[in-house]
Amino acid sequence: MLALNFFNQLPYITVFNDFIAKRYNKSTYTREFDIKMLQRSLWNLARVSFVCFLLVPRPSYGADSRAVNRYQTAAAARSVTQSSAAVEASFDVQSYRLDLAIPLVTNALTGTVTMKCRSLTANLDQIELDMDPTMTVSAVSHGAQAVIWSYSSSTYKLTIPLGQAVGLNDTFSITIDYVAADENNGFYSFEMSAYTDWAAGVFPCNDIPSDKATYDLHITVPTGAEVASIGLLEGRTVTGGGQWETFHWRTEYPVATYLVGIIISRFYARWSDWYVTPTGDSIEVAYYVFERDTTEAKLDFIHIVDAMDYYSTLFGPYPFEKYGMAEAEPMYYGGMEYQTMSMITSNWIRGDRRAENSMIHELVHQWWGNAVGFDDWPSLWLAEGFAEYTSAVYMGHQYGDDMFQALMAQKRERYLQQAAEKDYSIADPEFDMSIIGIIYKKGAWVLHMLRRVVGTENLWLILRNYYDTYKYSYATIADFRSAAEEVNGASLAWFFDEWLYDKGYPRIRATHQTNQMSSDQYECLITIHQDQDVPSQGPLFTMPLDLRLSGTSGTLDTTMWLSSASQTCTLLVSFEPQLLVLDPEGWLLMEVVSNSLAIDAAPPTVSRYQLECNYPNPFNAATTLRFHLPLDTDVVLTIYDLTGREVTRLVDGHLGAGLHQASWNALDAQGNQLPSGIYIARLHVPPQAGVTPEYAQSIKMLLLK
């Protein structure tokens with residue numbers, strides 16, 4: 001959902017002041033913005049005990065960290081009373097009509113909401129709606145009848161009596177006139193842009209993810225401003241002697257309240273791409289970008305349509321009438337996947353595609369979270385874990401498996417760091433910043449490990465079937481498990497229990513014993529221990545663990561199924577074992593505590609040239625490159641940017657055979673700091689007459705500042 005964007009070091013407000021001051025050279029604007037955002041953040045902190053996202057260190061990749069105030073605000077509001085769930089389940093909103101007047105001079109707005117509802121009980125005599133305390137209701141009517149309402153600022157609930165009880169499946173309408181004050185916590189208005197942030201702070205609503213409805217939006221703003229929103233633009237009308245303009249957005253596709261977004265700016269340039277479906281239909285991809293950023297944006301958005309086609313082929317047709325992205329600034333977080341119109345921060349638009357994974361993350365939410373919703377916030381993994389993993393899958397498709405592996409490695413490290421501080425089950429989350437490491441990062445790994453268990457093609461089939469079944473509705477984690485088991489043909493309770501309903505991960509310690517059986521046969525006994533403290537650090541895991549045993553003259557790949565605290569496998573090989581690699585292809589979310597064979601044995605002789613993927617990747621301050629040389633030779637290791645310009649040379653000389661490494665600190669040959677972006681490392685070995693031909697290999701590296 002809301003992705004943190006670009007902070008590196010504390011204090012973050014100072015960092016952001018510097019950023020704004022350099023971009024606008026307006027210190028007064030900077031102070032005004034910081035004060036407003038800090039006030040709102042402190043309000044969230046006081047209201048829901050939220051660890052404010054201003055104080056959270058920036059991760060190494062844009063969309064990997066997400067602000068959680070929306071989740072926690074909604075969850076905290078409903079947890080105040082035990083009766084909330086029962087009241088929420090008593091009716092279903094089928095449609096909303098919103099008439100909003102937004103002057104853009106403050107955060108205030110005036111609104112009328114009309115909702116058509118269906119009763120889910122036999123004798124419905126009142127409903128409760130979610131509403132931010134900064135909003136004031138002036139009138140409520142049930143049909144044509146005015147009613148007296150009540151509001152609780154402790155539960156954020158607006159209670160509306162219906163007078164005569166409504167029967168099961170009968171429909172009724174409610175109209176509410178209201179004003180949102182300047183300190184409104186659901187709508188922010190700034191110099192460059194304005195945007196909605198929390199549905200119940202913009203209009204009274206049944207603010208639960210499972211209650212989807214259609215929307216008819218009439219948004220009136222000062223003439224000259226452009227409004228981007230969900231659905232299709234039905235029309236725009238100038239009123240008030242040319243001083244105001246009303247934008248009419250409409251969608252007939254069901255939308256969850258948290259996915260209703262309105263983004264406004266006086267500085268937009270607007271253009272469209274088109275996604276042509278396999279059946280020949282054209283779907284508009286509409287971009288709302290500040291005029292100053294259009295050149296960079298067109299470079300950054302170059303793969304959006306391709307990703308729509310890729311996901312449509314992999315999971316099922318793009319589900320809605322359009323897609324789009326609207327730029328917003330100032331913005332402390334990175335992106336928000338409003339249905340058909342994602343909101344993205346200006347910080348993502350730099351012309352180097354460094355935030356492409358973040359943008360793809362928001363796009364793929366249109367499948368996972370938007371079309372296929374989730375029942376309530378504890379099932380958030382069905383949106384965020386899915387988007388986190390499938391965006392990495394596309395990045396691997398676009399840039400190669402090295403990119404995919406690097407992103408998954410980064411997610412693993414982020415989760416392990418988080419788990420060292422606090423861990424819990426994905427299916428029973430705590431709504432603070434820890435969800436980033438657990439629901440997002442570990443959540444992505446759960447799908448990756450499920451792929452290892454059931455097979456790649458079966459995982460894609462599971463996701464296609466799940467998408468077909470729950471599209472335009474919502475699902476539970478149990479529903480997804482059923483979809484997975486139907487394809488797998490066997491129960492996956494063991495997998496879901498340990499990875500979703502329990503916490504933790506395997507901490508692996510590997511020991512070995514080698515016996516020479518004959519001149520050309522060795523027996524290697526490999527014992528795998530699960531060293532996590534059960535149950536405080538999680539269960540004993542049942543999972544396949546791939547092993548690669550190698551020596552000077554051979555390699556053997558095998559798989560051991562983990563199932564107990566300690567287990568041994570015996571391997572007979574025709575070479576002396578020298579190195580054991582645990583999980584060589586990166587399928588298992590685990591921590592290797594120790595590996596006796598890897599530590600004690602000398603590495604096997606290098607038999608070929610190879611440039612390994614740099615680590616870490618993505619990286620910030622520095623990264624390390626390892627390369628293998630089978631013999632003494634001249635070698636050049638060069639860094640290039642995407643235009644093919646040589647940036648610097650890390651190695652240029654004669655080296656001996658073996659494993660070598662070089663570090664790069666993101667500087668060019670003149671010692672200048674380089675901007676974020678994709679860089680190419682190229683290993684070149686010239687031909688040696690009568691010995692070896694010329695060799696060259698390149699890898700992609702992602703620098704993120």
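Predicted model only: the values in this text are computed from it and were never measured.
- Judged purely by distance below 3.5 Å, without hydrogens or angles, the side chains of S346 and E327 pair a donor atom with an acceptor atom.
- When only modelled atom types and interatomic distance are considered, D306 and Q398 share a side-chain donor-acceptor pair under 3.5 Å.
- Separation of atoms CE (M449) and CG (L588) is listed at 6.5 Å; rounding is to 0.5 Å.
- Remark: W460 engages no residue in a ring-ring contact (aromatic ring centres under 6.0 Å, His included) (not counting sequence neighbours).
- F374 has its ring centre no less than 6.0 Å from the ring centre of W381.
- For the 3.5 Å distance criterion, the side chains of T121 and S119 fail to qualify, holding no donor opposite an acceptor.
- With rounding to the nearest 0.5 angstrom, the CH2 atom of W348 is 10.0 Å from the CZ atom of F301.
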_Evaluate V487 against V454 for side chain to side chain contact (heavy atoms under 4.5 Å, CB included), listing each step before the verdict._
CA-CA 9 Å; V487 171; V454 303; over 6 Å; no

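- If you take SG on C205 and OH on Y96, they are separated by 5.0 Å, rounding to the nearest 0.5 Å.
- Ion pairing of K503 with D428 is absent here, as no side-chain N (NZ or NE/NH1/NH2) approaches a carboxylate O to less than 4.0 Å.
- In the model, S229 has no side-chain atom that pairs as donor or acceptor with a side-chain atom of Y338 under 3.5 Å.
- Taken from CE in M325 to CE in M359, the straight-line distance is 5.5 Å, to the nearest 0.5 Å.
- Aromatic ring centres of F404 and H448: separated by under 6.0 Å.
- Looking only at atom types and distance, the side chain of R451 has a donor-acceptor partner in the side chain of Y389 under 3.5 Å away.
- Using modelled atom types, one finds a donor on one side chain and an acceptor on the other under 3.5 Å when comparing H361 with E384.
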*Quick one: do W377 and Y258 satisfy ring pair (Phe, Tyr, Trp, His ring centres under 6.0 Å)? Show the steps, please.*
CA-CA 11 Å; W377 300 111; Y258 81 95; 5.3 Å; yes

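- Counting only N and O atoms by type, the side chains of Y399 and R353 include a donor and acceptor under 3.5 Å apart.
- In this pair, Y318 and F320 present their aromatic rings perpendicular. The plane angle is above 60°, beyond the 30 to 60° band.
- With no hydrogens or angles considered, no side-chain donor-acceptor pair links Q366 and Y323 at under 3.5 Å.
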_Working note: D207 + T257, criterion side chain to side chain donor-acceptor pair (under 3.5 Å); need CA distance, chi angles, decisive distance, verdict._
CA-CA 6 Å; D207 194 22; T257 49; 2.5 Å; yes

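- A pairwise comparison of heavy atoms in N206 and D130 identifies C-OD2, 3.8 Å as the closest pair.
- Centroid-to-centroid, the aromatic rings of W499 and F541 come within less than 6.0 Å.
- The ring of Y467 has its center no closer than 6.0 angstrom to the ring center of F315.
- Environment of NZ in K322: crowded, with over 12 heavy atoms of neighbouring residues, nucleotides or ligands closer than 6.0 Å.
- Ring orientation note: the planes of F203 and Y215 are nearly perpendicular, at an angle over 60° on the 30°/60° scale.
- The number of heavy-atom neighbours closer than 6.0 Å to CD of E430, taken from other residues, nucleotides and ligands shown, is above 12.
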*From CA spacing to verdict: side chain to side chain donor-acceptor pair (under 3.5 Å), D375, S210*: CA-CA 5 Å; D375 59 331; S210 59; over 6 Å; no

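- When ring centroids are compared, Y415 and W445 stay outside the 6.0 Å threshold.
- Using a 4.0 Å cut-off between charged nitrogen and carboxylate oxygen, D432 and K422 count as a salt-bridge pair.
- Side chain to side chain, Y253 and T340 fail the donor-acceptor criterion of an N or O pair below 3.5 Å.
- Among residues two or more places apart in sequence or in another chain, the side chain to side chain donor-acceptor pair (under 3.5 Å) test is passed with Y466 by none.
- Residues forming a side chain to side chain donor-acceptor pair (under 3.5 Å) with E252 (at least two apart in sequence, or on another chain): R250.
- Checking Y474 against D479 by side-chain atom types alone, no donor-acceptor pair falls below 3.5 Å.
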